[in-house]
Amino acid sequence: MAVAELTLVPIGTNTTSISKYIANALDSIGEIEGLTYELNPMGTVISHSDLSVLYDVIRKMQESVFENGANRVYSVIKIDDRRDKNYTFKDKVKSVNEKRKNK
């Protein structure tokens, strides 16, 4: 299972607000079987059993920002590709929280 976090920062726009670009980027990926994602304040976490699907999703999201008028896009991508067991990004958070002493 592969998990990625993608942060897209449009540059060269007429506004400091980026929410419309992010909304359009999320809409651009459509429905992909097995893909899960969760928006957070600093990016979007996406997960799929096939890493190549995540690369395609990242590309679509990045291109969407250009298609919606940005002249430049700064992207930060983090990928966790674990192949010894199946898990979700929610499982990763749960595992850490179970180990915390001060819950």
Side-chain angles (χ1 to χ4, degrees):
M1 180 62 74
V3 177
E5 183 174 43
L6 171 63
T7 301
L8 296 168
V9 182
I11 300 172
T13 67
N14 294 326
T15 179
T16 57
S17 176
I18 64 170
S19 58
K20 79 171 188 172
Y21 295 96
I22 305 307
N24 288 328
L26 286 171
D27 287 344
S28 75
I29 61 177
E31 297 291 324
I32 299 172
E33 187 174 336
L35 179 75
T36 57
Y37 66 88
E38 185 171 298
L39 181 66
N40 66 57
M42 301 299 289
T44 305
V45 178
I46 54 178
S47 180
H48 195 276
S49 60
D50 185 345
L51 183 59
S52 66
V53 171
L54 290 187
Y55 288 137
D56 288 342
V57 167
I58 290 166
R59 182 186 48 76
K60 285 180 184 178
M61 292 177 73
Q62 171 117 358
E63 287 301 318
S64 169
V65 177
F66 284 113
E67 291 166 4
N68 284 283
N71 294 315
R72 184 177 180 182
V73 182
Y74 176 78
S75 300
V76 178
I77 303 164
K78 296 186 282 186
I79 297 174
D80 180 359
D81 186 11
R82 184 169 182 173
R83 299 186 179 177
D84 63 328
K85 71 177 191 176
N86 286 331
Y87 70 105
T88 67
F89 55 81
K90 292 184 186 276
D91 293 332
K92 291 172 58 119
V93 173
K94 180 181 174 188
S95 177
V96 170
N97 284 332
E98 287 174 346
K99 294 170 178 72
R100 292 185 64 206
K101 294 177 185 173
N102 299 319
K103 295 182 184 179

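In what follows, residues are counted from 1 in the order of the sequence shown. Note that the structure is predicted; figures quoted are calculated from it, not measured.
With contacts defined as side-chain heavy-atom distances shorter than 4.5 Å, the pair Y21/L26 does not qualify. Between M1 and R83, the closest side-chain pair of non-hydrogen atoms is not below 4.5 Å. Contact of the M61 side chain with the I29 side chain is registered, since non-hydrogen atoms from C-beta on lie closer than 4.5 Å. Put simply, the side chain of E38 does not reach to within 4.5 Å of the side chain of T44, judged on heavy atoms.
A donor-acceptor pair is defined here as one N or O able to donate and one able to accept, closer than 3.5 Å; such a pair exists between the side chain of S47 and the backbone of A2. In this structure, T7 contributes its side chain and M42 its backbone to a donor-acceptor pair below 3.5 Å. Distance alone, capped at 3.5 Å, places no donor-acceptor pair between the D27 side chain and the N24 backbone. Between the side chain of H48 and the backbone N or O of E33 there is at least one donor-acceptor pair closer than 3.5 Å.
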### Message
What verdict does the side-chain hydrogen bond (donor to acceptor under 3.5 Å, both in side chains) test give for N68 and S64, after you've listed the backbone C-alpha separation in whole Å, the side-chain angles of each residue and the deciding distance to 0.1 Å?
### Response
CA-CA 6 Å; N68 284 283; S64 169; 3.3 Å; yes
#### Entry: Trace of the side-chain hydrogen bond (donor to acceptor under 3.5 Å, both in side chains) decision for S95 with K99
CA-CA 7 Å; S95 177; K99 294 170 178 72; 2.8 Å; yes
### Task
May I have the step-by-step check of side chain to side chain contact (heavy atoms under 4.5 Å, CB included) for I79 and L51, ending in yes or no?
CA-CA 9 Å; I79 297 174; L51 183 59; 3.8 Å; yes
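Between S19 and S17 the shortest heavy-atom distance is OG-OG, 3.5 Å. Heavy atoms only, all atoms of each residue included: F89 and Y37 are closest at CZ-C, 4.1 Å.
Both I22 and L35 are assigned to one and the same hydrophobic cluster, defined by single-linkage of ILVMFWY side chains at heavy-atom distances under 4.5 Å. If you chain together hydrophobic residues whose side chains sit under 4.5 Å apart, I18 and I46 fall into the same group. Note: the hydrophobic cluster containing I58 does not contain V9 (ILVMFWY, side chain heavy atoms under 4.5 Å, direct or indirect links). In the hydrophobic clustering of this structure, V65 groups with V57; members are Ile, Leu, Val, Met, Phe, Trp, Tyr whose side-chain heavy atoms approach within less than 4.5 Å, directly or through other members. One hydrophobic cluster, built from ILVMFWY side chains closer than 4.5 Å, holds both I77 and L39.
Taking a cutoff of 4.0 Å between a charged side-chain nitrogen and a carboxylate oxygen, R82 and D84 qualify as a salt bridge. K78 and D80 are not joined by a salt bridge, as no carboxylate oxygen comes within less than 4.0 angstrom of a charged side-chain nitrogen.
In this structure, NZ in K92 is found 10.0 Å from OG1 in T88, a value given to the nearest 0.5 Å. To the nearest 0.5 Å, the span separating CG on N71 from OG1 on T13 amounts to 8.5 Å.
Applying side chain to side chain contact (heavy atoms under 4.5 Å, CB included) to V45 and the options N40, T36, L6 leaves one that passes, N40.
Other residues, nucleotides and ligands contribute only 12 or fewer heavy atoms inside 6.0 Å of the OH atom of Y74. Counting non-hydrogen atoms of other residues, nucleotides and ligands closer than 6.0 Å to CG of N86 gives a total of 12 or fewer.
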